[in-house]
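Right, one structure below, let's go through it.
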Amino acid sequence: MKEIKQRKGFENRSYKIDSDSEFVEVTFNSIKEKLRYKIHLTEIGNEIHYEADNVIVGKIFIGITALITIICLGVYYLGNPEDPGTYVANTIIWGTISVFGLVWPHKDDILIVNGNKLIRLFRTKPNEEKVLEFANYLIKVANEKRKELAINFDFNEEQFTANINWLLSMKLIDKKEFEELKSEYKLKKLI
């Protein structure tokens, strides 16, 4: 999966992996911003985190404001209020708050962290399984690129050892691979 397009409310996010140019093309559109930029694969993190708002409190608040709006409308049309302007004003105010609460997007994101650049994906758009599949594929491609750049047998021994130690500390290689790379480097230097 080399591309994902997401839409939630008034926000659009698009991520496209271009392995040939070693970049991820990012397009972000919202009411306030239109951004388009590229992130190098080596700047992408290798861990997935979840970030979500506590939407239960928000839903309760929206329900209460909607109820107040309906009560004010009911009293205005069905009752005989002494001051109808108050009920109209309350209906407008509480109705506006209800609409903003329904339209305003809540955070429910998957984040790719532990890199120089943050990747933020909507968790449920198109669905969580596809988003996780894309995120894991992106991390895999980025890790392969890091390994490709770090494992260079033309480096001097100190630089090569520092690179593979970094790969080990980032959990991009395991201890067995670490030892194999060290012995392969020594073998190539002997030849």
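We use all heavy atoms of the structure for the numbers below, so side chains are in, but hydrogens, waters and symmetry mates are not.
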Going by heavy atoms in the side chains, are [X] and [Y] under 4.5 Å from each other?
{"X": "S30", "Y": "F10", "answer": "no"}
{"X": "V24", "Y": "K38", "answer": "no"}
{"X": "L168", "Y": "D174", "answer": "no"}

For L149, the other hydrophobic cluster members (4.5 Å side-chain criterion, sorted by chain and number) are none

With a 4.5 Å cut-off on side-chain heavy-atom distances among I, L, V, M, F, W and Y, is there a chain of contacts connecting [X] to [Y]?
{"X": "I97", "Y": "I92", "result": "no"}
{"X": "F28", "Y": "L118", "result": "no"}
{"X": "V131", "Y": "V113", "result": "no"}
{"X": "V57", "Y": "I64", "result": "no"}
{"X": "F134", "Y": "V26", "result": "yes"}

Straight-line distance of [X] [atom1] to [Y] [atom2], nearest 0.5 Å:
{"X": "L121", "Y": "I112", "atom1": "CG", "atom2": "CD1", "result": "5.5 Å"}
{"X": "K117", "Y": "H40", "atom1": "NZ", "atom2": "NE2", "result": "12.5 Å"}
{"X": "K34", "Y": "N12", "atom1": "NZ", "atom2": "CG", "result": "8.5 Å"}
{"X": "K125", "Y": "I110", "atom1": "NZ", "atom2": "CD1", "result": "13.0 Å"}
{"X": "Y137", "Y": "K2", "atom1": "OH", "atom2": "NZ", "result": "4.5 Å"}
{"X": "L35", "Y": "N29", "atom1": "CG", "atom2": "CG", "result": "8.0 Å"}

In plain terms, say whether E11 and K8 are close enough for a salt bridge, that is, a side-chain N and a carboxylate O under 4.0 Å apart. no

- Query: Going by an N to O cut-off under 4.0 Å, is there a salt bridge joining R123 and E51?
  - Reply: no

How close do [X] and [Y] get, counting heavy atoms only, and between which atoms?
{"X": "T65", "Y": "T69", "answer": "O-OG1, 2.8 Å"}
{"X": "C72", "Y": "N90", "answer": "SG-CB, 3.5 Å"}
{"X": "A66", "Y": "S98", "answer": "N-OG, 3.1 Å"}
{"X": "L167", "Y": "A150", "answer": "CD1-CB, 3.8 Å"}

Checklist entry - Given the rule in the salt bridge (charged side-chain N to carboxylate O under 4.0 Å, His left out) test, do K147 and E177 qualify, once you have shown the distances and angles that lead to the verdict? => result CA-CA 12 Å; K147 285 168 75 171; E177 259 184 299; 3.5 Å; yes

For R7, the salt bridge (Lys or Arg N to Asp or Glu O under 4.0 Å) test, sequence neighbours excluded, returns none

Between R13 and F122, is NZ or CZ placed under 6.0 angstrom from the six-membered ring centre and within 45° of the ring axis?
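Because its charged atom sits under 6.0 Å from the ring centre and within 45° of the axis, R13 does stack over F122.
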
Set out, in order, the CA-CA distance, both residues' side-chain angles and the distance that settles side chain to side chain contact (heavy atoms under 4.5 Å, CB included) for E157 and T161, then state yes or no. CA-CA 6 Å; E157 187 173 356; T161 306; 4.0 Å; yes

The side-chain hydrogen bond (donor to acceptor under 3.5 Å, both in side chains) partners of N116 (sequence neighbours excluded) come to none

With sequence neighbours left out, the residues meeting side-chain hydrogen bond (donor to acceptor under 3.5 Å, both in side chains) with E25 are none

**Prompt:** Taking the side chain from D109 and the backbone from L111, do they hold a donor-acceptor pair closer than 3.5 Å?
**Reply:** no

Give a yes or no on whether the backbone of N127 and the side-chain of T124 come within a donor-acceptor separation of less than 3.5 Å.
->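 It does not hold such a pair.
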
For F160, the side-chain contact (heavy atoms from CB on, under 4.5 Å) test, sequence neighbours excluded, returns I151, F153, F155, I164, L181, Y185

| query | CD1 of I56: more than 12 outside heavy atoms within 6.0 angstrom? | reply | no

Other residues, nucleotides, ligands: >12 heavy atoms within 6.0 Å of N156 CG:
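Above 12, so yes.
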
- Only pairs at least two apart or in different chains count here, so list each ring-ring contact (aromatic ring centres under 6.0 Å, His included) that has a residue in residues 53-81.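 Not a single pair qualifies under ring-ring contact (aromatic ring centres under 6.0 Å, His included).
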
For this session: Tell me yes or no: between the side chains of S14 and T27, is some donor less than 3.5 Å from an acceptor?
Result: no

